[in-house]
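To start, the structure itself, in structure tokens.
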There are 2 protein chains.
Amino acid sequence: MKTVTIEECAEYLLKADNILILMHKSPDGDAIGCGYALAYALRSAGKKAMPVCTDAIPAKYAYITDGLEEQTFEPAYIVTVDLADTQLFGDKLIPYKDKVNLCIDHHGSNTGYAQYGIVDATAGACTQVIKKVINAMNIAIDKNIANAIFTGIVTDTGCFKYSNASAESYVMAAEMIGYGAESFMINRLMFDTKSRQRLELERMALDSMKFCYDGQIAMIFITREMMEQSGAEDSDTEGIAGMPRQIEGVKIGITLKEKEDGVFKISMRSSGNIDVSAVCAKFGGGGHKAAAGCSVKGTPEEAEKAVLTVAGAAL
Amino acid sequence: MKTVTIEECAEYLLKADNILILMHKSPDGDAIGCGYALAYALRSAGKKAMPVCTDAIPAKYAYITDGLEEQTFEPAYIVTVDLADTQLFGDKLIPYKDKVNLCIDHHGSNTGYAQYGIVDATAGACTQVIKKVINAMNIAIDKNIANAIFTGIVTDTGCFKYSNASAESYVMAAEMIGYGAESFMINRLMFDTKSRQRLELERMALDSMKFCYDGQIAMIFITREMMEQSGAEDSDTEGIAGMPRQIEGVKIGITLKEKEDGVFKISMRSSGNIDVSAVCAKFGGGGHKAAAGCSVKGTPEEAEKAVLTVAGAAL
């Protein structure tokens with residue numbers, strides 16, 4: 001992948017038309033924000049452009065997606081946004097894996113699968129990069145674009161609570177409010193709304209919480225039985241892995257989620273002092289220093305014991 | 001109270017010395033942020049200045065308070081910050097109630113008890129007003145001041161989730177990061193840390209949750225027994241009243257907290273469409289449209305029935 005500047009991205013996009021914008025599977029607020037912000041911008045420059053994703057866009061993002069009419073065209077230019085790896089294309093988009101003209105991303109781990117690309121790992125959200133590209137194209141930011149960019153910033157920074165929230169994140173969020181972003185509605189919808197199923201699952205997860213190593217490790221289980229009893233879906237489990245780590249004195253928070261095939265998906269969170277990616281690596285997993293994951297096979301008791309032993313050694 | 005401008009505030013403060021800065025009782029992040037930011041600023045201008053409060057400053061704000069050495073002096077100039085009403089002075093500060101020279105506030109309900117004052121009800125946090133006063137005094141913002149101002153902004157806007165978070169709140173937060181505010185540490189400490197007692201209390205409160213009127217009202221109880229069993233203190237209950245309203249479909253969230261004397265303290269929250277202050281007014285209480293409170297006497301069953309009847313009628 002040849003690295004390009006923001007200005008070159010803008011130049012290439014302005015020259016192109018019939019632009020297909022690929023978002024990663026299981027799309028989150030930043031992926032959706034990038035895809036739609038760029039599509040709105042390119043359309044206002046008179047182009048055909050459509051964001052696409054293997055998975056359906058969750059209904060809660062309707063305020064972003066509703067304003068963009070479906071367009072069908074023979075794609076002539078392929079852009080990926082917030083998309084680190086072709087493994088995240090999913091079934092529907094995988095045919096494009098060797099045909100990506102331009103990649104706009106903020107994952108340091110980007111595999112460089114595109115012809116041209118910009119990867120700004122200092123950007124808390126990829127919409128921060130998209131915003132700069134839109135500015136460089138001299139396209140005015142309207143309310144739709146502002147809502148999309150704002151959403152990417154707040155979701156990828158955990159409403160400014162993660163360490164990736166920089167002064168730029170705050171400044172751009174303010175700028176988007178100036179362009180009409182419905183900040184109050186968006187933050188409430190993203191961070192202050194729970195389904196009854198999620199509530200039920202949270203209650204069960206809290207009931208399952210165990211403290212080990214003098215309260216330095218907290219562990220919760222999400223079993224298939226809990227999922228069934230609560231009626232929760234996979235999207236309802238978002239963020240639950242952050243719960244054990246929130247507790248005072250906890251250095252490693254662990255979530256064991258039972259999968260269909262008797263395998264446990266493990267999520268580990270630390271406050272950054274302990275490198276949980278190294279812990280997860282011992283089980284063939286990985287991730288970041290403060291947030292990592294892996295899979296462990298066995299009964300709940302076996303999985304718990306295996307994980308606790310290795311995590312305990314990291315304290 | 002004679003209304004003054006930011007510039008006049010700055011002028012008066014620069015002329016004064018031996019300045020006592022009063023904060024309201026049960027101090028929150030904004031009150032503490034205002035008191036300490038102003039004290040740090042005035043000291044860097046060579047003055048004696050001390051923030052004071054009837055209640056102790058909670059230990060979690062040590063990163064704000066630790067840098068300011070205790071000063072004792074005969075107060076010659078009395079300033080209040082974030083302080084709407086002399087009823088909030090508390091025992092220790094009440095002797096100053098008729099002696100306030102200057103009031104810097106953002107509560108529209110300010111009772112005008114001071115000689116001079118500025119009340120900017122458009123400011124999400126009162127530290128936003130303090131920041132402008134410090135700028136007008138031409139005093140450089142250092143890390144201590146930045147941490148204090150940042151804390152006020154994020155705590156009073158609920159980490160930008162409340163409707164009072166304006167573009168100015170975001171921009172000033174960014175500016176404070178530029179001056180060294182430890183945004184990540186502060187947001188984590190304020191919004192992402194729970195005591196084990198709080199966790200236990202939350203679990204019990206969730207277990208007590210009832211849905212009424214087709215899920216339009218959700219209600220939780222916090223009984224004295226729960227407080228005892230969980231070991232939670234009053235400060236651990238902060239924010240719990242927001243939990244029932246978060247649930248999808250809930251229009252009014254109600255928290256009934258049992259007080260020492262068999263009285264229930266009721267907190268009501270709505271999404272803003274239903275005026276819960278009108279509901280609480282029927283029990284002699286009040287507040288804002290989306291957040292209000294009142295007290296009800298009786299057994300838990302009587303309190304629940306009384307509150308539900310009136311709240312149900314407001315749907």
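Reminder, nothing fancy here: chain letters follow the sequence lines and each chain counts from 1.
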Quiz prompt | Residues B:E168, B:K131: salt bridge by 4.0 Å N-O rule | solution = no
Quiz prompt | Which atoms of A:Y162 approach chain B - backbone, side chain, both or neither, heavy atom under 4.5 Å | solution = backbone
Self-check item: Top contributor to chain A contacts, counting heavy-atom pairs under 4.5 Å, from B:A218, B:S271, B:S169, B:G158
Solution: B:S271
Quiz item: Is the distance between the ring centroids of A:F160 and B:Y170 under 6.0 Å?
Solution: yes
Practice problem: For A:D66, look at atom CG and say whether over 12 heavy atoms of other residues, nucleotides or ligands are found less than 6.0 Å away. | Solution: yes
Practice problem: Examine whether an atom of A:S183 lies under 4.5 Å from a heavy atom of chain B, and if so say whether it belongs to the side chain, the backbone or both; otherwise answer neither. | Solution: side chain
Practice problem: In plain terms, say whether B:E228 and B:R224 are close enough for a salt bridge, that is, a side-chain N and a carboxylate O under 4.0 Å apart. | Solution: no
Exercise. Identify which of A:M172, A:K194, A:M190 forms the greatest number of heavy-atom pairs closer than 4.5 Å to chain B.
Key: A:K194
Practice problem: Could you tell me which of A:I177, A:D192, A:N187 has the largest number of non-hydrogen atom pairs under 4.5 Å with chain B? | Solution: A:D192
Quiz item: Taking B:V171, B:T193, B:V250, B:D207 one by one, which has the highest count of heavy-atom pairs under 4.5 Å against chain A?
Solution: B:D207
Quiz item: For A:Q229, does the CD atom sit with more than 12 other heavy atoms under 6.0 Å from it, leaving out its own atoms?
Solution: yes
Quiz item: Residues two or more places apart in sequence or in another chain: which of them pass ring-ring contact (aromatic ring centres under 6.0 Å, His included) with B:Y40?
Solution: none
Self-check item: Pick from B:M243, B:E248, B:R203 with the largest number of heavy-atom pairs that fall under 4.5 Å of chain A
Solution: B:R203
Quiz prompt | Most contacts with chain A, counted as non-hydrogen pairs under 4.5 angstrom, among B:E202, B:R196, B:M209, B:E200 | solution = B:R196
